[in-house]
Amino acid sequence: KAGVTQTPRYLIKTRGQQVTLSCSPISGHRSVSWYQQTPGQGLQFLFEYFSETQRNKGNFPGRFSGRQFSNSRSEMNVSTLELGDSALYLCASSLAHSKNIQYFGAGTRLSVL
Amino acid sequence: GQQVMQIPQYQHVQEGEDFTTYCNSSTTLSNIQWYKQRPGGHPVFLIQLVKSGEVKKQKRLTFQFGEAKKNSSLHITATQTTDVGTYFCAGLSGNTGKLIFGQGTTLQVKP
């Protein structure tokens, strides 16, 4: 069974630009969650999607948005990038709910210059 | 908002010594999960605890869930260099349904 796939693995952007990250969950998993990981802040929850609907949202500004498609693939978008958005963005899929085991992808390393 | 605090943030031990990381929540949790992230890798699920006072073991790792379901611990006996990494607890809020990660404890093991 293929794991969670995130693309791209690395990204370099400049301030003010926008970026879209992609996540393909494990086959059969319907819940996709996104996390931001930085050295000082650990894993910060961004949002969770289930059946194309946002089910939970963390405390991030509106510049961070996401969506989920009918095949459970998810995308995350960050607009008007700031230097502080530099981080590892991790996607995790689970069967049906965040209470289930989270299977993480390798992440997208975003650097904002 | 609800927080899950994890201590210590860093721990350096000599190979063969024991190691413990603690997780505390401000509110009651439905369950708690533990993950390990190797350097340069991504978090990998270790275990889930659901019942009050539950204790589970995986070889040299012992996981406990407090009686009040507000705290948890992970204890590693006789650490090995393969134990190096960051250990995260993640508590599922009974109120909001959100899975909240602790800040993680980074373990370094000196051979």
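Treat the numbers as computed from the prediction; the structure is a model and nothing was measured. Below, chain A is the first sequence line, B the second, and so on; all start at residue 1.
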According to a 4.5 Å side-chain heavy-atom criterion applied to Ile, Leu, Val, Met, Phe, Trp and Tyr, with indirect links allowed, do A:Phe60 and A:Val112 form part of one hydrophobic cluster? yes

Checklist entry - What about B:Val84 and B:Trp34, same hydrophobic cluster or not, with Ile/Leu/Val/Met/Phe/Trp/Tyr joined at side-chain heavy-atom distances under 4.5 Å? => result yes

Do B:Phe88 and A:Gln37 come within less than 4.5 Å of each other through their side chains, counting heavy atoms only? yes

Test item: A:Tyr103 side-chain N/O and B:Phe45 main-chain N/O as donor-acceptor pair under 3.5 Å:
no

Q. Going hydrophobic residue to hydrophobic residue with side-chain gaps under 4.5 angstrom, can you get from A:Leu21 over to A:Leu81?
A. yes

Tightest non-hydrogen contact, residues B:Leu99 and A:Gln102, listed as CD2-CG, 3.6 Å

Of B:Pro43, B:Gly104, B:Ala90, the largest count of non-hydrogen pairs under 4.5 angstrom with chain A goes to B:Pro43

Smallest heavy-atom separation, B:Gln33 atom then A:Ile101 atom, equals NE2-N, 4.1 Å

Does CZ belonging to A:Arg15 count more than 12 external heavy atoms closer than 6.0 Å?
no

Closest non-hydrogen atoms of B:His42 and A:Leu90, given as atom of the first, atom of the second and distance, are CB-CD2, 4.1 Å

_Under a 3.5 Å distance rule, please check whether B:Lys98 uses its side chain to pair with a backbone N or O of A:Lys57 as donor and acceptor._
yes

Bottom line for B:Gln6: the part with an atom under 4.5 Å from chain A's heavy atoms is neither

Cut-off 4.5 Å, heavy atoms of chain B, and the answer for A:Gln44 is neither

Bottom line for A:Leu43: the part with an atom under 4.5 Å from chain B's heavy atoms is both

Non-hydrogen side-chain atoms of B:Phe101 and A:Tyr35 separated by less than 4.5 Å
yes

Pair count under 4.5 Å, heavy atoms only, with chain B: among A:Ala106, A:Ala92, A:Gly42, highest is A:Ala106

- Query: More than 12 heavy atoms of other residues, nucleotides or ligands under 6.0 Å from CG of A:Asn71: is that the case?
  - Reply: yes

Practice prompt. Find out if a path of hydrophobic residues (ILVMFWY) with successive side-chain heavy-atom gaps under 4.5 Å connects A:Tyr89 to B:Ile100.
Written response: no

*Would a hydrophobic clustering, with Ile, Leu, Val, Met, Phe, Trp and Tyr connected at side-chain separations under 4.5 Å, put B:Leu92 with B:Tyr22?*
no

